[in-house]
Amino acid sequence: RVLFRSASLDLGRDGIAALVGRDGVVRARYAHGSTQIGQRIKNPLGLAFFAQGKTEGYSEGLSRLDQRRRLYYFRQIPGFPLWVTVAFGADEYRTAQLNSKHADLLQTSELTLLLVSLALLFSGHRWREARNHRSVILSEERLNLALDGGGLALWDWDLDHGEFVVNERLERMLGYPANEFKADNQR
């Protein structure tokens with residue numbers, strides 16, 4: 001009778017799954033292709049948890065059956081003097097965790113770089129926009145100085161829409177108060 005199948009239970013190279021009685025006898029065990037049962041484990045790791053009244057727990061230790069260091073999870077089966085143990089090889093588990101952390105760090109770094117790039121792009125655009133705005137203001141100031149120095153004024157006549165626009169300087173030159181001069185090409 002098969003209790004564990006490697007196709008549905010991937011515990012890695014050093015992982016195990018076992019069903020152990022409170023007496024320390026292995027009732028079922030799967031460890032990288034091995035399904036040894038019937039061995040008695042001296043001072044099983046899970047027994048200490050149950051002696052404290054706990055029904056589940058975590059531990060790290062050296063297997064008394066095959067001398068491999070593992071990270072164990074123990075859980076008592078309610079109503080039975082048995083517990084289920086699932087364990088991963090400590091080095092294999094830590095390597096996987098380290099690789100996962102490296103992948104997370106790489107992904108976080110890439111996202112940070114993307115955000116910094118976007119921030120630089122937008123701030124560069126805002127800087128160019130502010131520089132162009134300052135340039136337009138300076139150009140208008142120079143134009144006004146030139147118009148004032150020459151006693152000149154500006155006007156614009158839009159023949160398509162019938163609008164005639166003048167600046168305050170032309171209104172003063174023509175003797176009108178500000179915003180009183182109206183002209184159009186309508187008959």
Side-chain angles (χ1 to χ4, degrees), residues 1-140:
R1 186 168 130 183
V2 176
L3 294 177
F4 300 107
R5 293 178 192 228
S6 61
S8 62
L9 187 62
D10 182 10
L11 299 172
R13 187 184 72 244
D14 291 334
I16 67 159
L19 184 63
V20 181
R22 282 188 172 247
D23 57 1
V25 175
V26 176
R27 304 293 197 263
R29 181 174 190 265
Y30 175 81
H32 195 59
S34 170
T35 56
Q36 301 166 344
I37 60 172
Q39 296 111 331
R40 177 177 293 279
I41 305 171
K42 294 179 185 175
N43 301 320
L45 296 170
L47 200 54
F49 285 102
F50 303 117
Q52 298 170 8
K54 297 179 181 177
T55 58
E56 66 182 306
Y58 297 90
S59 175
E60 180 176 348
L62 195 63
S63 168
R64 289 168 176 81
L65 293 178
D66 60 13
Q67 304 303 307
R68 292 187 183 184
R69 180 157 292 284
R70 293 190 176 100
L71 302 172
Y72 293 92
Y73 170 73
F74 304 95
R75 183 171 186 147
Q76 182 179 4
I77 299 175
F80 294 94
L82 300 169
W83 73 82
V84 173
T85 300
V86 177
F88 293 92
D91 293 336
E92 191 174 14
Y93 180 80
R94 288 189 178 107
T95 299
Q97 288 299 313
L98 188 59
N99 288 342
S100 175
K101 285 181 182 180
H102 284 201
D104 290 346
L105 182 61
L106 180 62
Q107 186 178 27
T108 302
S109 298
E110 289 171 348
L111 288 173
T112 301
L113 183 61
L114 176 65
L115 289 174
V116 167
S117 298
L118 287 173
L120 288 173
L121 178 70
F122 289 131
S123 65
H125 174 73
R126 295 287 295 164
W127 178 80
R128 282 189 302 278
E129 190 175 279
R131 183 187 64 195
N132 290 342
H133 182 71
R134 282 191 307 273
S135 177
V136 167
I137 289 174
L138 288 173
S139 180
E140 284 180 2

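Identified under the salt bridge (Lys or Arg N to Asp or Glu O under 4.0 Å) test for residues 76-89, with sequence neighbours left out: none. Within the structure, salt bridge (Lys or Arg N to Asp or Glu O under 4.0 Å) pairs that include any residue of residues 82-96 comprise Glu60-Arg94 (at least two apart or interchain).
For the side chain to side chain contact (heavy atoms under 4.5 Å, CB included) test, residues two or more places apart in sequence or in another chain that qualify with Phe80 are Ile77, Leu82. Every residue was checked against the side-chain hydrogen bond (donor to acceptor under 3.5 Å, both in side chains) condition with Arg69, not counting sequence neighbours, and none meets it. Residues meeting the ring pair (Phe, Tyr, Trp, His ring centres under 6.0 Å) test with Tyr58, sequence neighbours left out: Tyr73. Checked against side chain to side chain contact (heavy atoms under 4.5 Å, CB included), Leu118 has the following partners two or more places apart in sequence or in another chain: Leu114, Phe122.
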Got a list of side-chain donor-acceptor pairs under 3.5 Å for residues 98-111, not counting sequence neighbours?
from, atom 1, to, atom 2, distance (Å)
Asn99, ND2, Thr95, O, 3.4
Thr108, OG1, Asp104, O, 2.8
Ser109, OG, Leu105, O, 2.9

Residues 127-139 side chain polar contacts: donor-acceptor under 3.5 Å, at least two apart:
from, atom 1, to, atom 2, distance (Å)
Arg128, NH1, Gly124, O, 3.4
Glu129, OE2, Arg126, NH1, 3.0
Asn132, ND2, Arg128, O, 3.4

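Scanning all heavy atoms of the two residues, the minimum distance from Phe74 to Ser59 falls at CE1-CB, 3.8 Å. Residues Ala87 and Tyr72 approach most closely at CB-CD2, 3.4 Å, considering heavy atoms.
The CZ atom of Phe88 sits 10.5 Å away from the CD1 atom of Ile16 when rounded to the nearest 0.5 Å. Within the model, atoms CZ of Arg22 and CH2 of Trp83 stand 7.5 Å from one another, a figure rounded to the nearest 0.5 Å. Note: Thr85 OG1 to Arg29 CZ = 10.5 Å, rounded to the nearest 0.5 Å.
Looking at Arg68, its side chain never comes within 3.5 Å of a backbone N or O of Leu62 through a donor-acceptor pair.
Looking only at side-chain heavy atoms (C-beta outward), Gln76 and Lys54 stay at 4.5 Å or farther from each other.
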